[in-house]
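Below you'll find the structure, written out as structure tokens, and then a few comments.
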Amino acid sequence: MTELGFGKERRLLTATDYQSVFNGASFRVSRRQILILANENPSGKTRIGLVIAKKHVRLAVQRNRLKRLTRESFRHHQQLLNGLDIVMLARGGLDKLDNDAVTNMLEQLWQDLCKRRNHNARQ
RNA sequence: CGAGCUGGCCAGGCAGUCGCUGCCCGGUUGCUGGUUUUGCGCAGUUUUGCGUGAAUUCGGCACCAGGUGGAGGAAAGUCCGGGCUCCAAAGAGCAAAGCGCCAGGUAACGCCUGGGGGGUGAAAGCCCACGGAAAGUGCAGCAGAGAGUAGACCGCCUAAGCGCAUAGCGCCGGUAAGGGUGAAAGGGUGCGGUAAGAGCGCACCGCGCGACUGGUAACAGUUCGUGGCAUGGUAAACCCCGCUUGGAGCAAGGCCAAAUAGGGACCCUUCGGUGUGGCUCGCACUGGGUCCGGGUAGGCUGCUUGAGGUUGAUAGUGAUAUCAAUCCCAGAUGAAUGACUGUCCCAGACAGAACCCGGCUUAUCGGCCAGCUCGAUUU
RNA sequence: GGCUGGAUGGCAGAGUGGUCAUGCAGCGGACUGCAACUCCGUUAACGCCGGUUCGAUUCCGACUCCAGCCU
């Protein structure tokens, strides 16, 4: 298993997985077009789930594009986010950004999330 | 060469690194299920049964390595038509809905092909929900005299008859040629005719009906006969005629199954009730007896070999069909087909499969090929 | 993914083949010392594009948008 892999065990799979993150979200970082919720995973795995509603991003091509970009970014930064269950929610207007903008934004969000986590750990 | 029309095709390429997923092949790897042989223990009269250990071999899952495949012409809208599944073995009648020139194609269609008719364009071509209004009912505001058995507002006429009493006026009337209204005013043009007019008569055009000819038919015809001429519009108003349609949908349906609640399956009976698609019939359930399984979260399946693609031959004007050879070409399930870097060019539009096909419609950068029309020029 | 329903002034909400009610809101006026209430008057709409019809908000087709249901 390589360090940058992205298999089934790295994803949130069921409705109950999503519910646990939504109900007890310990971390919450956002930008205008993206909201990220996260929670410590009890078994120490790193997993991500995507919520990109049709209401916010109308075209299927755009939804697929955003999912791919997010997964790719997550895949590259998963060492940083070790042991978290993460849910990424898209807001309106995200489909208007190009690939570079989305990738940069996600990178900043990962950093924010990491800082928030370290801050909590010290307290 | 320019302007235009029709049909078909393509949908950024290449290299490297990282990543996702289906299938195939392999593994001194891990977990797990079975086959065969055999050791030991227990039971038994024996065949043997149970427990346990070893070897053997066949799978399944995970992981690793390699190979190979991985969005569209519209995948879209869900507007039609089918397959498939369940509802009863999907049946009968009514109601309701859809379609509508003719012939053919097709599994089927509201689609396609060919033909006819109408419209449009200089032409190639393009467009058309294109049955019936002499079966019946309804509708047409306003305007207008009159809106469907036509109709005297203005106008025209005053021959015949009557009155005044005389180139005239009035009464009784006549008249659809002209004006005006309207979306629409009941064949058109000309001549005759007349008081003025009128298919009143005639000629030509148009129209209806019948015959004949051509065509499978729709329909057509410098054809013949006949009728003075009707049958205004609206059926995407009700309707009539002909044809078609049972309803739901893969979140259909089937299987395995934590939790939770009390029902569930089979047999017998048919008064009432409930349900199945709008109603009726019909059918199923509810009632009594016997026996224990049923099922939410979740998982598996349905799930991709098909009215299939490619090439060729044959039949046909064509849509298409038949035959032969050959190929296997996405199958995901929080949902794969991507990201980054470099490079080239004509600088990449619209846009992402979700059970599967056939169409239609809508979105769309740019390019290629073939055929046709018109114009210009040269030989 | 599939299946339904809808779109009428700023808001709510009827309606029908012939220039669309009604209420609230807005504006102007009357009443009042000023307001409220009340009364009178007035502005403003059929989602968009085609077709059928003499005429479409209504009938038919396509498009856009908004709700709801099935897991």
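A note on names: the letters A, B, ... follow the listed sequences, proteins ahead of strands, and every chain is numbered from 1. Since the structure is predicted, the reported quantities are computational estimates derived from the model, not experimental observations.
- By the rule that a glycosidic angle within 90° of 0 means syn, U16(C) does not qualify and counts as anti.
- Both distances falling under 3.5 Å, in either a Watson-Crick or a G-U wobble arrangement, place C238(B) opposite G136(B).
- As rounded to whole Å, 12 Å separates atom C1' of G338(B) from atom CZ of Arg11(A).
- Across all strands shown, the partner of G114(B) is C102(B), judged by Watson-Crick or G-U wobble contacts whose two distances both fall under 3.5 Å.
- The nucleotide U6(B) finds its pairing partner in A370(B), both defining distances of the Watson-Crick or G-U wobble pair being shorter than 3.5 Å.
- For U320(B), the O4'-C1' to base torsion is more than 90° from 0; the nucleotide is therefore anti.
- Note on Leu109(A) and Leu66(A): same hydrophobic cluster, where clusters join Ile, Leu, Val, Met, Phe, Trp and Tyr whose side-chain heavy atoms are under 4.5 Å apart, directly or indirectly.
- For the C1' atoms, the distance linking G246(B) with A90(B) amounts to 7 Å, nearest Å.
- Atom pair Asp95(A):CG and A351(B):C1' shows a separation of 14 Å (rounding to whole Å applied).
- Rounded to whole angstrom, the span from the CZ atom of Arg71(A) across to the C1' atom of U21(B) amounts to 12 Å.
- Here A71(B) is in the syn range [glycosidic angle within 90° of 0].
- Using a distance-only test at 3.5 Å, with no hydrogens or angles considered, no donor-acceptor pair links the side chain of Arg28(A) to the main chain of Ala38(A).
- U189(B) and A203(B) make up a base pair, with Watson-Crick or G-U wobble contacts both under 3.5 Å.
- Within 4.0 Å of Asp17(A), counting heavy atoms only, lies no atom of the nucleic acid at all.
- With sequence neighbours excluded, no residue forms a side chain to side chain contact (heavy atoms under 4.5 Å, CB included) with Ser20(A).
- In this structure, Arg75(A) places its CZ atom 9 Å from C1' of G338(B), rounding to the nearest Å.
- The nucleotide C250(B) finds no pairing partner, because no Watson-Crick or G-U wobble arrangement with both distances shorter than 3.5 Å includes it.
- Here the side chain of Arg63(A) pairs a donor or acceptor atom with the backbone of Val57(A) at under 3.5 angstrom.
- Pair assignment for G141(B) gives none, since no Watson-Crick or G-U wobble pairing has each distance under 3.5 Å.
- Within residues 48-69 of chain A, the residues having any heavy atom under 4.0 Å from RNA chain C are, by residue number, Lys54(A), Arg58(A).
- For the P atoms, the distance linking G69(B) with C328(B) amounts to 12 Å, nearest Å.
- With no hydrogens or angles considered, a side-chain donor-acceptor pair links Asn41(A) and Asp85(A) at under 3.5 Å.
- The separation of G182(B) from A133(B), taken at their P atoms, amounts to 31 Å, rounded to a whole angstrom.
- Annotated as syn: G73(B), whose O4'-C1'-N torsion sits within 90° of 0.
- Straight-line distance between the P atoms of G247(B) and A211(B): roughly 45 Å, to the nearest whole Å.
- Look at the C1' atom in both C238(B) and G272(B): the space between them is 43 Å, to the nearest Å.
- Searching all strands for a Watson-Crick or G-U wobble partner of C283(B) with both distances below 3.5 Å returns G275(B).
- Side chains of Arg71(A) and Lys67(A) form a contact here, defined as non-hydrogen atoms less than 4.5 Å apart.
- One atom, CD of Glu72(A), and another, P of U21(B), lie 13 Å apart when rounded to the nearest Å.
- The distance between atom CE of Met88(A) and atom P of A335(B), rounded to the nearest whole Å, is 13 Å.
- Atom P of G174(B) sits at a distance of 13 Å from the matching atom of G151(B), rounded to the whole Å.
- Taking atom CG of residue Asp100(A) and atom P of nucleotide A339(B), one finds them 11 Å apart after rounding to whole Å.
- C303(B): glycosidic angle beyond 90° from 0, hence anti.
- Qualifying side chain to side chain donor-acceptor pair (under 3.5 Å) partners for Glu40(A), counting only residues two or more places apart in sequence or in other chains: Arg117(A).
- The C1' atoms of G334(B) and U341(B) are separated by 31 Å, rounded to the nearest whole Å.
- Listed by chain and residue number, nothing satisfies the ring-ring contact (aromatic ring centres under 6.0 Å, His included) test with Phe27(A) (two or more places apart in sequence, or in another chain).
- Base pairing annotation: A220(B) forms a Watson-Crick or G-U wobble pair with U213(B), both donor-acceptor distances under 3.5 Å.
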Could you go through residues 89-99 of chain A and list every donor-acceptor pair under 3.5 Å that involves a side-chain atom there, pairing it with any protein atom two or more places apart or in another chain?
{"unit_1": "Arg91(A)", "atom_1": "NH1", "unit_2": "Arg31(A)", "atom_2": "O", "d": "3.0"}
{"unit_1": "Asp98(A)", "atom_1": "OD1", "unit_2": "Ala101(A)", "atom_2": "N", "d": "3.0"}
{"unit_1": "Asn99(A)", "atom_1": "OD1", "unit_2": "Arg65(A)", "atom_2": "NE", "d": "2.9"}

Review point. Which string of ( ) [ ] | and . matches RNA chain C, if you list each base 5' to 3' and count Watson-Crick or G-U pairs only when both distances are under 3.5 Å?
Key: (((((((..(((.....[...))).(((((.......)))))....(.(((..]....))).)))))))).
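- At least one donor-acceptor pair closer than 3.5 Å links the side chain of His77(A) to the backbone N or O of Ser73(A).
- A distance of about 46 Å separates the C1' atoms of C87(B) and C139(B), rounded to the whole Å.
- Leu84(A) places none of its side-chain heavy atoms less than 4.5 Å from the side chain of Lys45(A).
- Formation of a donor-acceptor pair under 3.5 Å by the Tyr18(A) side chain with backbone atoms of Leu50(A) is found in this model.
- Straight-line distance from the NE2 atom of His76(A) to the C1' atom of U17(B): 10 Å, rounded to whole Å.
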